[in-house]
There are 2 protein chains.
Amino acid sequence: MPADSSALGGLNDILGLHIRRAHGAVQRHFTERFADLGLTQKQVSVLWLASDHPGIAQTDLARTLDMDRATTMAIVHALEKRELLERTKSASDARRVALALTAEGRALLRDAQAAIGEHERWLKERFTGPELATLTEMLRRIYR
Amino acid sequence: MPADSSALGGLNDILGLHIRRAHGAVQRHFTERFADLGLTQKQVSVLWLASDHPGIAQTDLARTLDMDRATTMAIVHALEKRELLERTKSASDARRVALALTAEGRALLRDAQAAIGEHERWLKERFTGPELATLTEMLRRIYR
DNA sequence: TCAAGTTTGTATGTGTTACGTACAATTATT
DNA sequence: AATAATTGTACGTAACACATACAAACTTGA
C-alpha cells in the first residue's frame with residue numbers, strides 16, 4: 001500500500017485538503033495536551049479574549065473569533081457553568097452582557113496559556129522565523 | 001484602529017488560531033458552494049479516493065485521510081445509503097470490504113470535482129504559483 | 001415622537017466530525 | 001494450535017456550526 005502522497009493522487013493539488021489536514025493535526029495535538037485542563041481551543045480563546053477585554057459582549061467575541069452567535073452562546077454557557085466566566089449586564093446597553101473572568105477563570109487561563117506556549121512551540125519548531133511570518137501572512141489572506 | 005489584529009491582542013501570535021480561522025473560512029465557503037450537491041468535504045474526498053483506487057478498503061481510507069475508523073464508517077455508510085458507494089467483500093481478505101462507486105456516484109463525483117475546481121480557484125487566487133508551493137509545503141510539514 | 005427596523009441574547013433542533021470502547025470475524029504470528 | 005493483530009461494526013459522548021424563532025432593548029427616520 002503506497003504511503004501518502006502517491007495514494008492521494010489528484011487530491012494532492014487540493015489546497016483545501018492540506019489546510020484541513022494541518023488543522024486536524026494541530027487540533028489533535030491540542031486535544032491531547034489539554035485533556036487534563038479540560039479546555040477546548042475555543043474555550044481558551046474565549047477566556048483569553050475576555051481577559052484581554054474585560055466587559056466584552058458575546059457579539060464581540062463572535063465577531064472577533066468568526067463564530068456564530070449560537071455557537072458563542074454554547075461556549076460562554078459552558079464556561080459560566082464551570083464558574084470560569086461571570087456575566088453582568090452592561091450599564092450602557094441593557095441588551096448586552098459584560099463578560100469577566102472569575103478568580104478561578106484567571107488561574108485556569110494562566111495554566112492554559114502556559115500549555116499553549118508548549119503547544120505552539122511544538123507547532124512552530126518546524127519553521128524558521130521568516131517562514132513563520134510568511135505562513136501567518138498567507139493564512140491571514142485566506143480568512144481576510 | 002485596525003479592526004481585527006488589535007482586538008486579538010496576544011492571540012495574534014498563536015499560529016494555531018490562524019490555521020483554525022483559515023480552515024473555518026475554507027470550510028464555510030465550501031459548504032455554501034456544495035449546498036445543492038449535498039456533499040461535505042469529507043464525502044467528496046472519500047468518493048474521489050474510492051474512484052482513484054477501486055476496491056480500496058475503509059482502513060486505507062482512514063489512513064490516507066487521517067481519520068478514525070469509526071469516523072470513516074459513518075462517512076462510508078452515509079454514501080452507501082445514498083447509493084453512491086457500493087461495498088463488496090474482498091476476495092483476498094474476508095475481513096476487508098472493497099469500495100466502489102456506483103454510476104450515480106461517478107456522475108455526482110464529476111459534478112463535485114467541477115465545483116471543487118471553482119472552490120479551489122477562489123482559494124488559490126490570492127497566491128502566486130511559488131507562494132502556493134511554499135504554502136503547501138509548509139502545511140505538509142505540520143501534518144507530517 | 002412614534003412606528004419600524006436592528007441588535008443582542010436566548011432557546012431549540014439538526015447535522016457533521018472525532019474519538020472511545022467493546023465485540024465478532026478473519027488473518028498473521030509464534 | 002494458541003495467541004496476537006487487523007478489519008469492520010455498533011454503540012455512546014462531545015464539540016462545533018448553523019438555521020430558525022423569539023423577546024427585550026436600542027436606533028432610525030418620517
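Everything numeric in this text was worked out from a predicted model, so none of it was measured. Lettering follows sequence order; numbering is per chain, from 1.
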(request) Ignoring hydrogens and angles, answer whether the base of D:dT6 and the side-chain atoms of B:R95 contain a donor-acceptor pair closer than 3.5 Å. (result) yes

(message) What contact category does A:D93 fall into here, base, sugar-phosphate, or nothing, at under 4.0 angstrom with non-hydrogen atoms?
(response) sugar-phosphate

(request) Looking at every strand, decide which applies to B:A57 at a 4.0 Å heavy-atom threshold: base, sugar-phosphate, or nothing. (result) sugar-phosphate

Of all the choices, [options], which nucleotide is nearest to the side chain of [X] once you look at every atom?
| X | options | value |
| --- | --- | --- |
| A:K42 | D:dA17, C:dT17, D:dG8 | D:dA17 |
| A:A70 | C:dT8, C:dT27, C:dA11 | C:dA11 |
| B:A94 | C:dT17, C:dT27, D:dG8 | C:dT27 |

(message) Below 30° counts as parallel, above 60° as perpendicular, anything between as tilted: where do the rings of B:F30 and B:H119 land?
(response) perpendicular

(message) On DNA chain D, does the nearest nucleotide to A:Q43 precede the nearest nucleotide to A:R69 from the 5' side, or the other way round? Give the residue.
(response) A:Q43

Could you tell me the separation between the [atom1] atom of [X] and the [atom2] atom of [N], rounded to a whole number of Å?
| X | N | atom1 | atom2 | answer |
| --- | --- | --- | --- | --- |
| B:K81 | C:dG15 | NZ | P | 12 Å |
| B:D60 | D:dT6 | CG | P | 13 Å |
| B:D68 | D:dC11 | CG | P | 17 Å |

(request) Report yes if some heavy atom in the side chain of A:L39 is under 4.5 Å from a heavy atom in the side chain of A:R82; otherwise report no. (result) yes

